[in-house]
Amino acid sequence: KGKTAIATGAELSVDPDFYRFVLKTAYGVTDNFEIGMTVPYVFGSDATEGFEDAAIGFKYRFFDEGKYGPSLAYILSASVPSGRDQLSTDGRYSVGLIISKRVGPVNGHLNLFYTKPGKGSLEDEISFLTGLDFAASHNFKLLAELQVKKSSFSDKIDSIEGRIGY
C-alpha cells in the first residue's frame with residue numbers, strides 16, 4: 001500500500017531481428033489492489049521502430065496466504081493501439097491468475113496469462129511463468145524464473161526463457 005515500483009527490461013529478438021525496451025510501473029493503492037502500466041518500445045528493426053501498444057491494468061489479491069494455503073490474485077489489463085500498423089495488435093486485453101506461497105525464506109509463484117489481440121490475423125497468446133526467490137539475507141534475494149510462452153505470432157509454444165538473478 002502506498003508503494004511505487006518501476007522496472008525496465010530489454011529483449012533481443014533474432015527472427016524477426018529487433019530490440020525491445022520495456023518500462024513498467026505499478027502503484028499499490030491498497031494492500032490487495034495494485035494498478036500498473038507497461039510501455040514497450042521497439043528499435044533496430046529493418047521494418048520499423050517506435051512504441052508498441054501501451055497497456056494499463058490492475059491486480060487484485062482476493063485470497064490471502066494462510067499457514068498452508070497460497071495467496072491468489074488476478075490481473076486484468078487492456079492496451080490501446082499505438083497507431084502504427086507494424087507494431088500494433090489493434091489493442092488487446094489480458095487476464096491472468098497468480099498463485100504465491102512463502103515457506104520459510106523461499107517464496108514461490110505460478111502465473112498463467114491469456115491475451116486476446118484486437119487484430120484478427122494474430123493468434124491468442126498464452127504464457128506460463130513459475131519462479132522462486134530465496135531470501136539469503138535481510139536485503140539480498142536470489143531469484144530463478146522459467147517462462148513458457150505461445151505468442152500472438154505462432155500457434156505453438158515459441159519461447160522458453162530461464163532467468164536467474166539477485
Side-chain angles (χ1 to χ4, degrees), residues 1-13 16 18-43 45 48-65 70-101 107-133 143-163 165:
K1 177 179 176 178
K3 293 185 179 179
T4 301
I6 297 174
T8 60
E11 175 184 333
L12 166 63
S13 176
F18 65 86
Y19 298 93
R20 177 180 288 126
F21 177 77
V22 179
L23 176 64
K24 295 181 179 186
T25 185
Y27 176 74
V29 178
T30 69
D31 288 339
N32 293 339
F33 184 72
E34 178 181 294
I35 56 173
M37 185 172 70
T38 302
V39 180
Y41 185 82
V42 171
F43 60 97
S45 169
T48 189
E49 65 179 56
F51 287 101
E52 291 183 303
D53 299 344
I56 188 161
F58 68 88
K59 177 171 67 174
Y60 180 71
R61 185 175 62 232
F62 61 91
F63 189 80
D64 288 330
E65 181 176 345
S71 68
L72 302 172
Y74 63 84
I75 292 180
L76 298 174
S77 69
S79 66
V80 293
S82 66
R84 302 187 64 158
D85 277 345
Q86 303 91 333
L87 301 173
S88 179
T89 61
D90 284 343
R92 62 183 175 190
Y93 65 87
S94 300
V95 296
L97 177 67
I98 301 171
I99 303 169
S100 300
K101 179 66 179 156
N107 190 34
H109 62 88
L110 181 76
N111 304 353
L112 182 62
F113 295 101
Y114 168 81
T115 301
K116 177 75 174 171
K119 192 179 284 186
S121 62
L122 296 175
E123 299 283 332
D124 295 352
E125 186 172 294
I126 298 172
S127 56
F128 167 79
L129 181 93
T130 187
L132 297 171
D133 66 70
L143 310 167
E145 288 185 330
L146 175 67
Q147 181 179 19
V148 179
K149 185 176 185 179
K150 184 201 87 58
S151 76
S152 297
F153 305 105
S154 176
D155 59 356
K156 60 183 180 192
I157 293 173
D158 58 350
S159 173
I160 299 175
E161 291 181 38
R163 302 176 189 144

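Put simply, OG1 on Thr25 and CD1 on Ile35 are 8.5 Å apart, with the number rounded to the nearest 0.5 Å. Separating the NZ atom in Lys1 from the OG1 atom in Thr30 is a distance of 7.5 Å, to the nearest 0.5 Å. Here CG of Leu23 is found 7.0 Å from CD1 of Ile6. Values are rounded to the nearest 0.5 Å. Note that OG of Ser152 and CD1 of Ile126 are 10.0 Å apart. Values are rounded to the nearest 0.5 Å. Rounding to the nearest 0.5 Å places CG of Asp133 at 5.5 Å from CG of Leu143. Note that CG of Asn32 and OH of Tyr60 are 5.5 Å apart. Values are rounded to the nearest 0.5 Å.
The number of heavy-atom neighbours closer than 6.0 Å to NZ of Lys101, taken from other residues, nucleotides and ligands shown, is above 12. Lys59 NZ: 12 or fewer foreign heavy atoms inside a 6.0 Å radius. Around atom OH of Tyr114, more than 12 heavy atoms belonging to other residues, nucleotides or ligands sit under 6.0 Å away.
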(message) What verdict does the side chain to side chain contact (heavy atoms under 4.5 Å, CB included) test give for Glu125 and Phe153, after you've listed the backbone C-alpha separation in whole Å, the side-chain angles of each residue and the deciding distance to 0.1 Å?
(response) CA-CA 8 Å; Glu125 186 172 294; Phe153 305 105; over 6 Å; no
Exercise. When you look at Phe128 and Leu146, which way does the side chain to side chain contact (heavy atoms under 4.5 Å, CB included) test go after all the steps?
Worked result: CA-CA 8 Å; Phe128 167 79; Leu146 175 67; 5.5 Å; no
After noting the C-alpha distance and the side-chain angles of Ser127 and Gln147, does the key distance pass the side chain to side chain contact (heavy atoms under 4.5 Å, CB included) rule? CA-CA 7 Å; Ser127 56; Gln147 181 179 19; 4.1 Å; yes
- Task: Could you please spell out the steps behind the ring-ring contact (aromatic ring centres under 6.0 Å, His included) verdict for Tyr19 and Phe43?
- Result: CA-CA 5 Å; Tyr19 298 93; Phe43 60 97; 5.5 Å; yes
| Candidate pair Glu145 and Leu129, rule side chain to side chain contact (heavy atoms under 4.5 Å, CB included), full reasoning | CA-CA 7 Å; Glu145 288 185 330; Leu129 181 93; 4.0 Å; yes
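The two residues Gly91 and Asp53 have their closest heavy-atom pair at N-OD2, 3.5 Å. Annotation for Ser71 and Arg61: closest pair CB-CD, 3.8 Å, computed over non-hydrogen atoms. Shown here for Leu132 and Gly108, the closest heavy-atom pair between the two residues is CD2-CA, 3.7 Å. In terms of heavy-atom proximity, Ala26 sits nearest to Glu34 at CB-OE2, 3.6 Å. Of all heavy-atom pairs spanning Ala54 and Val39, the tightest one is CB-CG2, 4.3 Å. The two residues Glu123 and Pro117 make their nearest non-hydrogen contact at O-CG, 3.3 Å.
In this structure, the side chain of Thr38 does not engage the main chain of Ala55 through any donor-acceptor pair within 3.5 Å. Listed for the Thr115 side chain is no donor-acceptor partner under 3.5 Å among the backbone atoms of Asp124. A distance-only check finds a donor-acceptor pair linking the side chain of Thr130 to the backbone of His109 [under 3.5 Å].
Considering Phe58, Tyr74, Phe62 as possible partners of Phe33, the one that fulfils the ring-ring contact (aromatic ring centres under 6.0 Å, His included) test is Phe58.
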